[in-house]
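This report refers to the structure that appears directly beneath it.
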Amino acid sequence: MTRPAWYFGTREEFLTTTKDRIADQLAGRAASESLEIEANQSLEWHSSIELLQNALNERVPILREALESEEGRFVRHVILEFDFRRRGLRMDCILLAEGVIFVIEFKRSKIQSSDRDQVMAYAVNLLEFHERTQSLTEGDAGVIVVPVITLTRETVGEGSPAWPGIGAHSWHATTNCPIECDAGSLRKAFCLGRTHRKSSQPIDMEEWLGSTFRPSSSILDATLSLYGNHDVASIANHAAPAEEIAKSVGEIRSVIDWALSNRERHVVFLSGAPGAGKTLVGLELVLRGYHAEESVFVTGNAPLVEVLNKALAKSFGRQGSASESWAHTGYRREDSKFVISAASHKIVKAHRFLGDLASKHRQSDGRILVFDEAQRTYKKGRIVLREKLPDHEADLILDAQAGEYAPGGVVVVALIGQRQAINNGEMGIIAWLEAIDRKGWTFSISDETLGISDLDNVKRWSDHPARRVLKNGHLRQSMRYYRNSEMENWVGCVLGNDVSGALVSMAELDREKDCVWLTRSLSQARRWAKERTVGTQRCGLIASGQARRLAAEGLFVELKPSIADWMLAPSGDVRSSNSLETVQNQFQVQGLELDYCIVCWDVDLRREGDEWKAYRLNGTKWQKDNLIEVSKNSYRVLLTRARRGMVIFVPEGDKSGSDQTRTPEFYDGVWKYLLRCGAKAMPPE
């Protein structure tokens with residue numbers, strides 16, 4: 001089994017191994033993890049390894065000198081580059097000593113407050129989520145965790161290092177702040193740790209490295225309290241969808257009760273159109289109710305995770321004197337920044353979750369796993385965090401959950417997006433059904449979900465003996481468009497070459513005064529959005545990730561600004577979407593929404609005759625792309641982000657003829673087709 005550290009060994013092994021051998025071992029581990037990745041990623045990865053090896057030239061001699069000293073003799077094991085995957089953290093050095101776990105971060109020069117927060121956060125994460133560390137630190141005579149910052153090129157002030165004390169904050173087993181030292185005084189930090197330890201309890205390195213991920217009960221309480229005080233999605237203006245969502249949540253909870261009480265291994269499928277509220281159902285199951293403590297939400301939508309966690313942090317910050325609401329969790333108000341950061345454990349980025357499965361680092365999450373965008377399941381052999389998946393993703397997840405909780409009940413809630421494939425190689429719902437059949441699980445699925453799933457043999461799964469019928473397993477109504485869900489139908493007709501259907505939908509939209517505007521002027525589109533966006537409303541520029549010739553209009557789809565700042569920063573902040581300066585692509589905005597959208601259309605998706613054709617820019621030329629459905633679904637995401645209104649900006653192209661990538665006829669074809677589908681051209685300025 002691959003260990004979550006690039007180097008580990010006893011103190012004696014470390015001292016008798018040359019620096020070059022240690023560097024070679026680290027480089028070898030890095031090389032083994034970089035197999036079969038893209039060329040540009042490989043260059044970046046090997047560049048980072050070179051930096052790491054250079055850093056070792058400074059760190060290893062410092063560590064060796066300190067460990068050879070009398071003060072360092074009680075250290076038993078050395079761990080370098082510890083990868084706490086589930087939390088997305090990689091720690092420079094862990095030393096396991098008798099009664100002490102040292103967490104060491106190396107810095108070259110002046111120590112900043114952010115450096116202190118970083119190494120303290122590492123210590124807190126071990127105490128809150130590392131099962132073996134939790135068990136070792138229990139009780140008055142348990143192990144202590146000592147964070148240390150070591151300068152490699154400069155020296156700390158006179159009198160350093162000093163003992164910072166222990167137990168004067170929310171974590172009884174770690175120091176109040178890091179010990180700060182340099183190359184010559186690291187051994188004194190060891191002496192301080194040994195002098196103030198509570199016991200001389202030995203620590204088994206194999207057990208420590210093989211530990212599972214386990215949130216502490218306190219952080220669970222704090223997390224659920226934080227999420228419980230934040231309305232993750234406002235649905236007050238959507239009575240019908242809200243009722244449908246409530247029915248779905250209620251039925252799924254009943255199925256979960258049945259499965260757990262009968263020790264079933266069960267998958268529940270929930271499908272729905274874009275914006276219908278699948279994610280909201282998943283968050284409701286994970287963050288509220290009596291199953292919240294034993295459930296986790298896994299999503300491939302990393303921007304959604306970033307935006308939600310930042311929104312929650314801001315929500316907590318606005319609570320003012322919130323210490324009373326957190327008193328039952330055992331955390332002090334002064335330590336809130338670490339608690340808020342740790343609260344993100346209930347919502348996990350899929351690549352971290354899959355990376356654990358690929359490397360066989362099983363991470364306990366709970367009996368209920370909600371998997372967002374489950375139709376995007378990966379195939380065997382897919383590289384995740386630089387390691388190949390040893391089996392299909394769906395099989396790995398079912399095996400892991402069954403193995404962790406055998407022989408008890410376990411439930412996977414698979415949220416299935418409809419017509420939302422925006423990546424090549426997504427396996428779809430069939431991967432889950434076939435894994436269920438192979439593994440002997442049972443499942444609940446609605447007739448509607450089976451009907452939209454493009455299955456070759458619907459009857460096989462409809463009549464499957466392991467199936468339970470789910471009555472509320474498909475969300476029909478979109479919550480996204482503020483006044484009229486007919487927008488979803490219009491977009492479907494536009495991308496499906498159904499002009500007559502698009503006109504019918506547009507007539508319905510017109511009755512509600514919800515037309516779709518068209519413009520050839522980006523400045524006109526910006527004025528339109530800014531004139532309508534008031535108070536806390538959001539507007540923004542969005543475009544396809546392949547819309548690279550929008551650079552001529554000053555829009556750079558490859559820039560990828562912080563999505564959390566883009567979605568949450570207030571008007572007046574240049575990072576805000578409301579500034580209309582930066583553009584986000586479909587990968588960043590999927591699952592998110594704005595009040596007013598400016599959809600910027602490039603000719604990566606264009607009209608040729610009566611059909612859509614996809615193109616990809618290769619150097620200075622557009623080349624045909626066979627992934628037409630992926631391209632169309634990318635624009636489907638863009639065209640369904642607006643709650644209140646949308647304008648589509650179609651550039652005029654380069655009329656001089658010198659830029660062959662921006663031929664006006666390419667753009668004109670899109671413009672004319674959208675007009676035929678009922679969109680309205682803005683009056684000339």
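All residue numbers in this chain count up from 1 along the given sequence. Quick caveat, the model's predicted, so the values are computed rather than measured.
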May I ask you to decide if the ring planes of F74 and F102 are parallel, tilted or perpendicular, using 30° and 60° as cut-offs?
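Aromatic pair F74/F102 classed perpendicular.
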Name the orientation class of the two ring planes belonging to F84 and H130 (parallel below 30°, tilted from 30 to 60°, perpendicular beyond 60°).
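Correct class here is perpendicular.
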pair [X]-[Y]: side-chain heavy atoms closer than 4.5 Å:
X	Y	result
F338	Y331	no
L63	C93	yes
Y122	D92	no
R59	L80	no
H196	I166	no
K439	R265	no

Enumerate the salt bridge (Lys or Arg N to Asp or Glu O under 4.0 Å) contacts for residues 141-155, please, sequence neighbours excluded, ordered by first and then second residue.
E58-R153
How about K560: does its NZ atom have over 12 heavy atoms from other parts shown lying under 6.0 Å from it?
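Open: at most 12 neighbouring heavy atoms sit under 6.0 Å from NZ of K560.
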Hey, are K278 and D372 close enough for a salt bridge, meaning a charged N less than 4.0 Å from a carboxylate O?
no
N-O pairing of R90 and E81 below 4.0 Å
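E81 and R90: salt-bridged.
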What heavy-atom pair brings [X] and [Y] nearest, and what distance separates the two atoms?
X	Y	value
V267	W441	CG2-CE3, 3.8 Å
T152	R108	OG1-CA, 3.3 Å
I94	L126	CD1-CD1, 4.3 Å

Residue pair W566, V589: steps toward the side chain to side chain contact (heavy atoms under 4.5 Å, CB included) verdict:
CA-CA 10 Å; W566 195 81; V589 299; 4.2 Å; yes
Go through it in stages, so that I can follow the logic: the residues are D115 and E105, the test is side chain to side chain contact (heavy atoms under 4.5 Å, CB included), and I'd like the CA-CA distance, side-chain angles, deciding distance and then a yes or no.
CA-CA 8 Å; D115 300 326; E105 280 297 299; over 6 Å; no
Establish, from distance only, whether the side-chain atoms of [X] and [Y] form a donor-acceptor pair under 3.5 Å.
X	Y	value
D117	S114	no
K107	Q118	yes
R116	S113	no

Please step through side chain to side chain contact (heavy atoms under 4.5 Å, CB included) for the pair K188 and E71, ending with a clear verdict.
CA-CA 7 Å; K188 295 181 181 178; E71 294 89 341; 5.5 Å; no
Option from T299, V412, V413, V281 for which side chain to side chain contact (heavy atoms under 4.5 Å, CB included) with V370 holds
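It is V413, the one option of T299, V412, V413, V281 that forms the side chain to side chain contact (heavy atoms under 4.5 Å, CB included) with V370.
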Are W208 and F8, when compared by the centres of their aromatic rings, separated by less than 6.0 Å?
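That pair fails the under 6.0 Å test.
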Decide yes or no on side chain to side chain contact (heavy atoms under 4.5 Å, CB included) for F297 and L287, but give the supporting numbers first.
CA-CA 9 Å; F297 186 90; L287 302 175; over 6 Å; no
Do the side chain of T175 and the main chain of V146 share a donor and acceptor less than 3.5 angstrom apart?
no
